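Order of listing sets the numbers, starting from 1, for every ligand and every atom in it. Keep in mind it's a predicted model, so treat the numbers as computed, not measured.
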Amino acid sequence: MSSRPAFGSQASSNPHVRDWVRAMAELTQPDQVFWCDGSEAERDHLYAQAVAEGVLVRLNQEKLPGCYYHRSNSNDVARVEQCTFICTEQEEDAGPTNNWAEPKAMRAKLLALARGAMVGRTLYVIPYLMGPPGSPLAKVGYELTDSIYVVLNMRIMTRMGEIARLELGDSEHFNRGLHCLLDVDPTRRYICHFPQDNEIISLGSGYGGNVLLGKKCLALRIGSWLGRKEGWLAEHMLIMGVESPTGERTYVAAAFPSACGKTNFAMLIPPEHFAGWKIWTVGDDIAWMRPGPDGRLWAINPEAGYFGVAPGTNGKTNPNAIATISRDTIFTNVALKPDGTVWWEGHDDPAPSECTDWQGNPWTPESKDKAAHPNSRFTAPMTNNPALAREALSPEGVPISAIIFGGRRATTLPLVYQAFNWVHGVYLGATMGSETTAAAAGAVGQVRRDPMAMLPFCGYNMGRYFRHWLDVRRNLDNPPQIFQVNWFRKSSDGRYLWPGFGENMRVLKWIVDRCQGRAGARETPLGWVPRARDFDLEGLPGFGEANLDEAQSINIEEWRRELLLQDELFMRLYRHLPKEMIFQRELLVSRL
Ligand code: SAT
Ligand code: MN
């Protein structure tokens, strides 16, 4: 045999890492252990390897340089909440909104499944850093995986390799993550978190948030646990900078459930009417936020890439995303065209006369199934984004002036309103509801409570999580203003009441102006609401004051039902629900 490249042979010198990797390799029995360094040479080697193994297809390199294509198993296309567990000593620590398992028994079961699981395979060791190097919030994780697809996605989504090794040094404080594909059998699928040990074990899946352990598992579930312990917040929020024509930058964090347009909002291009305004993306999915020495709330994006929903992404809905995914991108479960490019429902190009669908079957516009899976995704480096904020790379992060909570609601919730104060804002987040989407396995379109868009991601008791939000306020002399939005309200005949997308800039401008003390509002039972004269409707053809009133209207009957739905959640959380939440409910009832 000719000389093999030395890729993957550089083991860590950190004794804690080495001991643990050795133990996991003894358990899983891989043919070889590959230590990732994150270099470009390594990247090229891994892509070639993934193509040779049939895990990835190299796309048309003239049209999509550096881009690859992947199909996941058709039983494995979204997060699976019923297979996701928080394993704490006490069930109460996981709380009533999480699946709980006793850690010893669960660990024994998982390790038995992982025994010998990598025979004939390669164990990849992925050191990764969440957050800019040197940030007070940055955390190091190690993921061990037998999926080369996971390695290549983690390479985009995190700061992977040498940079993480350097950040960790000889410390033993890193998240330990083990991932094995097994045979991708849903009956042997487990995504388990051991927050007390800062550990994750994920088995039997190869998709997205189940296996890119830095994302939902570390940055949100374990992160929220660490945040409570250490006095900071790990949130399912995008972060953006809103620049006014005078160059003033106001930073906003916004929580929306999965597949509700966070990526589009984070990359928004203001409509023509807003000449001189500019949106800068800091992050599109996750925010880590801590009270700074100046009494403001400072946020970083722990990630380095975007794992965005492909369908509906086009030059109108998100031109910055289109630029971002024009190179160096992995496409998963979209449709593959004969010319080696990709397509999805809602693409700029018309449906191809023929292509291969996300399951590998021939597809034509006459086919009754979708060409791309509704939860098909792109994985792209944030540095490709023309609107990337330079502060996304800053260890300190950005000071947050506004926090937005937004669900997907066809009724009840108005377009926008502002909370009266922090406690009221926490109540708005805590009572958020949203229609389910394709990002999680299960029925789509049912309203469920999704507090702060964290229902699938809070790594501990949700009641205590609300308490933690209230406690954080004590270290904030200058807390962000809190807002609620709903882009998805519909008329009784099913029309969207708000055009959405770039026009969301109008809502954002009111929010920013409120934070800067420039915009007026009217007090309503729900909160502060913009009057027509406070809200810029100019240059929005076909949308006038009457439309705004309709989008903002408060229907008492709908609110009666809404309160009953909120009560259901409060009853489940009762043991640890802060009294403040009950008081806020009572105040709302009396105002209504
Ligand atoms: O699959 S992921 O969990 O990473 C995407 C999402 O649901 O937000
Ligand atoms: Mn998300």
Next item on the list: Using a strict cut-off of under 4.0 Å between a residue heavy atom and any atom of ligand 1, list the qualifying protein residues by chain and number.
Entry: Arg79, Gly208, Gly209, Lys215, Lys216, Ser258, Phe307, Arg377, Ala439

Check: Should the ring pair Phe256 and Trp487 be called parallel, tilted or perpendicular, given that the plane angle runs from 0 to 90° and is split at 30 and 60?
Finding: parallel

Margin query: Could you tell me if Thr332 and Tyr149 have a donor-acceptor pair between their side chains, going purely by distance under 3.5 Å?
Written below: yes

Notebook entry, point to check: In Asp285, the N, O or S atom nearest to the Mn ion (ligand 2) is which?
Noted result: OD1

Next item on the list: State, to the nearest 10 degrees, the angle whose vertex is the Mn ion (ligand 2) and whose arms point to NE2 of His236 and NZ of Lys216.
Entry: 90°

Margin query: Can you tell me if, anywhere in Ala259, an N/O/S atom lies at a distance from the Mn ion (ligand 2) that is smaller than 2.8 Å?
Written below: no

Check: Taking only residues two or more places apart in sequence or in another chain, which ones pass salt bridge (charged side-chain N to carboxylate O under 4.0 Å, His left out) with Asp284?
Finding: none

Next item on the list: Among residues two or more places apart or on two chains, list those pairs meeting ring pair (Phe, Tyr, Trp, His ring centres under 6.0 Å) that have a residue in residues 441-462.
Entry: His236-Phe457

Notebook entry, point to check: Are Arg249 and Tyr251 in a cation-pi setup, meaning NZ or CZ lies under 6.0 angstrom from the ring centre and within 45 degrees of the ring axis?
Noted result: no

Check: Is it the case that Asp93 and Thr88 place a side-chain donor and acceptor less than 3.5 Å from each other?
Finding: no

Next item on the list: For Thr379, enumerate each residue passing the side-chain hydrogen bond (donor to acceptor under 3.5 Å, both in side chains) test, keeping only those at least two apart in sequence or located in another chain.
Entry: Asn153

